[in-house]
Amino acid sequence: MTPPGLPTAMERPHFIGIGGAGMSGIAKILAQRGAKVAGSDARDSETAQALRAHGATVHIGHAAAHLAADSTCVVVSSAIRSDNPELARAAELGIPVVHRSDALAGLMDGLRPIAVAGTHGKTTTTSMLAVSLSALGLDPSYAIGGDLDAPGSNAHHGEGDIFVAEADESDRSFHKYTPQVAIILNAELDHHANYASMEEIYESFETFVAKVAPGGTLVVAHGQAGAAEIAARVAGNEGLRVVTYGEEEAADVRITKITPRGLTSEVTVVIDGRMLTFTVSVPGRHYAHNAVAALAAGVALGIPAHNLASALGKYTGVKRRLQLKGEAAGVQVIDSYAHHPTEMSADLEAIRGAAGDSRILVVFQPHLFSRTQELGKEMGQALALADAALVLDIYPAREDPIPGITSEIIIASARAAGADVTAEHEKDAVADVIAGMAKPGDLVLTMGAGDVTDLGPQILARLSS
């Protein structure tokens, strides 16, 4: 099958914030489809360089002059503020402004989309599908919220008829998609600036499920309370097939065994009455569940289960999801994107299972004032799973400070849970502090969704010296 052509509005798109994980993926696919892509970002990056290699024009900094008068649309994400000079210039020129979710939805038209939703695990599950379907020679298109193995590897324009994409609930943009198969990994309260309650979360996911194409499939976690609640609410949707997965007897795709093997796991499932065992090349029960969700989704599109199970073993991880950054002086440094308490606990439990008697030292950077305000105590409790932790100042991302909301909320909670936690306000001091703490055999986790990831190489360099 030949993928659909390029929508007219997307022939000369301009992306504001083109270096972002979601934006860069769409830009790359459009460039691969033949669009004349341009955009701007606050700073240069390897992602920007990768886009230039695909023929995109990437400006550094935001200025009205960066927007070409012949642009056919301006693509924005929810993070772009209304006073952005390029946005103002677009209004002056009468150039249509398109949200990135609408652009992504347009790229899926005419294909068989799999949309991966959930509070946690979207990037990993989407990546597992992209890698395994590619290994089977199906050449899917995909858009992922993280790089697989190199800058710019977060997206691909394939010649096959399957499109795999993350479905982001944070700003309700996943309501724009009409997938053939939808996955809901879990549902918890997060994104507090946009959702005031779990009821609002449930209603948002119900809207997402209602958009599944007629005759399509919802793959949903059986044992996660939020996902199970959504499954119950949509059980009567006409034309919707619901497939559950999990370790419970009642699950349609049942996980019967998860066996840790160092930094990998061996997973046994029963699917359509047949038992399959396959390897997941990342540690931890939650990653095993992600792989089974991917398996169920692929089977829903008609891919033989045994072929897909074998191909899932080709997945070796995505950047920042328990990614081994290196080893120095007998100390391994691993990067974790976890920033919600559930993710933090899951990654720490996974590493604990793989670490044996080794100590686990965490460098944690809280992400967003609003998330810290709502979940700071739970973050502190999660850090009690480590042997020792440094807690940095809050990474603000798109938010302004909230009076009284600091990392101290997390530190106090962690200490109350018996954790050995130290505040560190100077990022530049972290490498020296960790080098003074770490002993051969220890594991160091840099954890958080902000720029804490930059500290891994610094820590390794300091340990080496």
Side-chain angles (χ1 to χ4, degrees), residues 21-22 101 104 113-130 142-146 164-177 179 181-192 194-195 198 200-212 216-234 240 242-247 251-253 255 280 282 284-298 300 315 318 320-322 336-347 350 367 371 375 449:
S101 57
L104 181 56
I114 302 176
V116 183
T119 312
H120 327 290
K122 292 185 291 292
T123 296
T124 296
T125 308
T126 308
S127 301
M128 287 175 166
L129 277 162
Y142 54 82
I144 306 170
V164 188
E166 283 192 40
D168 183 11
E169 85 284 3
S170 67
D171 56 1
R172 295 179 171 81
S173 61
F174 68 161
H175 297 168
K176 305 288 180 64
Y177 312 137
V181 178
I183 298 175
I184 297 179
L185 302 164
N186 39 61
E188 294 186 38
L189 187 57
D190 196 5
H191 310 297
H192 306 278
N194 292 323
Y195 294 104
M198 274 308 300
E200 288 191 12
I201 294 272
Y202 290 143
E203 290 172 358
S204 188
F205 274 91
E206 285 182 82
T207 301
F208 165 66
V209 175
K211 295 295 295 293
V212 173
T217 302
L218 171 66
V219 174
V220 61
H222 187 282
Q224 201 276 331
E229 170 67 20
I230 295 162
R233 290 181 178 216
V234 304
L240 179 70
V242 178
V243 175
T244 60
Y245 69 93
E247 297 180 54
D252 298 317
V253 180
I255 303 168
V280 179
V282 281
R285 186 171 297 275
H286 60 304
Y287 290 113
H289 278 246
N290 293 162
V292 174
L295 176 69
Y315 170 81
V318 62
R320 305 210 59 190
R321 272 64 174 184
L322 291 188
S336 161
Y337 188 72
H339 51 282
H340 183 286
T342 302
E343 298 164 349
M344 295 166 65
S345 296
D347 274 8
H367 188 258
R371 185 178 284 121
L375 299 172

Nearest heavy atoms of Thr126 and Ala143, plus distance in Å: CG2-O, 3.9 Å

Distance in Å, Glu206 CD paired with Lys211 NZ, rounded so as to fall on 0.5 Å steps: 15.0 Å

Side-chain heavy atoms of Tyr202 within contact of Arg233, under 4.5 Å: yes

Ser336 side chain to Asp347 side chain, donor-acceptor N/O pair below 3.5 angstrom: yes

Donor + acceptor pair across side chains of Glu188, His120 (<3.5 Å): yes

Verdict with supporting geometry, His289 and Ile255, side-chain contact (heavy atoms from CB on, under 4.5 Å): CA-CA 8 Å; His289 278 246; Ile255 303 168; 3.8 Å; yes

Residue pair Glu169, Lys122: steps toward the side-chain contact (heavy atoms from CB on, under 4.5 Å) verdict: CA-CA 10 Å; Glu169 85 284 3; Lys122 292 185 291 292; 3.3 Å; yes

Interatomic spacing from NE2 in His340 to CG in Leu375 - rounded to 0.5 Å: 5.0 Å

Spacing of Asp190 atom CG and Thr342 atom OG1 [to the nearest 0.5 Å]: 9.0 Å

Pair Val280-Met128, side-chain contact (heavy atoms from CB on, under 4.5 Å): steps then yes or no: CA-CA 10 Å; Val280 179; Met128 287 175 166; 4.0 Å; yes

Gly298 versus Leu129, closest heavy-atom pair with distance: N-CD2, 4.4 Å

N/O donor-acceptor pair under 3.5 Å between Thr244 side chain and Asp252 backbone: yes

Nearest non-hydrogen partners of Ala227 and Ala221, listed with the distance: CB-O, 3.6 Å

Tyr142 side, atom OH; Ser127 side, atom OG - distance, nearest 0.5 Å: 8.5 Å

Shortest non-hydrogen contact between Asp171 and Ser173, atoms and distance: OD1-OG, 2.7 Å

Between CD1 on residue Ile183 and OG1 on residue Thr125, distance to nearest 0.5 Å: 6.5 Å

Rounded distance [0.5 Å steps], CD1 in Ile184 versus CD in Gln224: 10.0 Å

Closest non-hydrogen atom pair between Ile144 and Ala130, with its separation: CD1-CB, 4.0 Å

Working for side-chain contact (heavy atoms from CB on, under 4.5 Å), residues Val220 and Ile230: CA-CA 9 Å; Val220 61; Ile230 295 162; 5.6 Å; no

Shortest non-hydrogen separation from Ile201 to Ala187 and the atoms involved: CG2-CB, 4.3 Å

Heavy-atom check, side chain of Thr123 versus side chain of Glu166, under 4.5 Å: yes

4.5 Å side-chain heavy-atom contact, Ser204 and Tyr195: yes

Aromatic ring pairing Phe174/Phe205, orientation class (parallel under 30°, perpendicular over 60°, tilted between): perpendicular

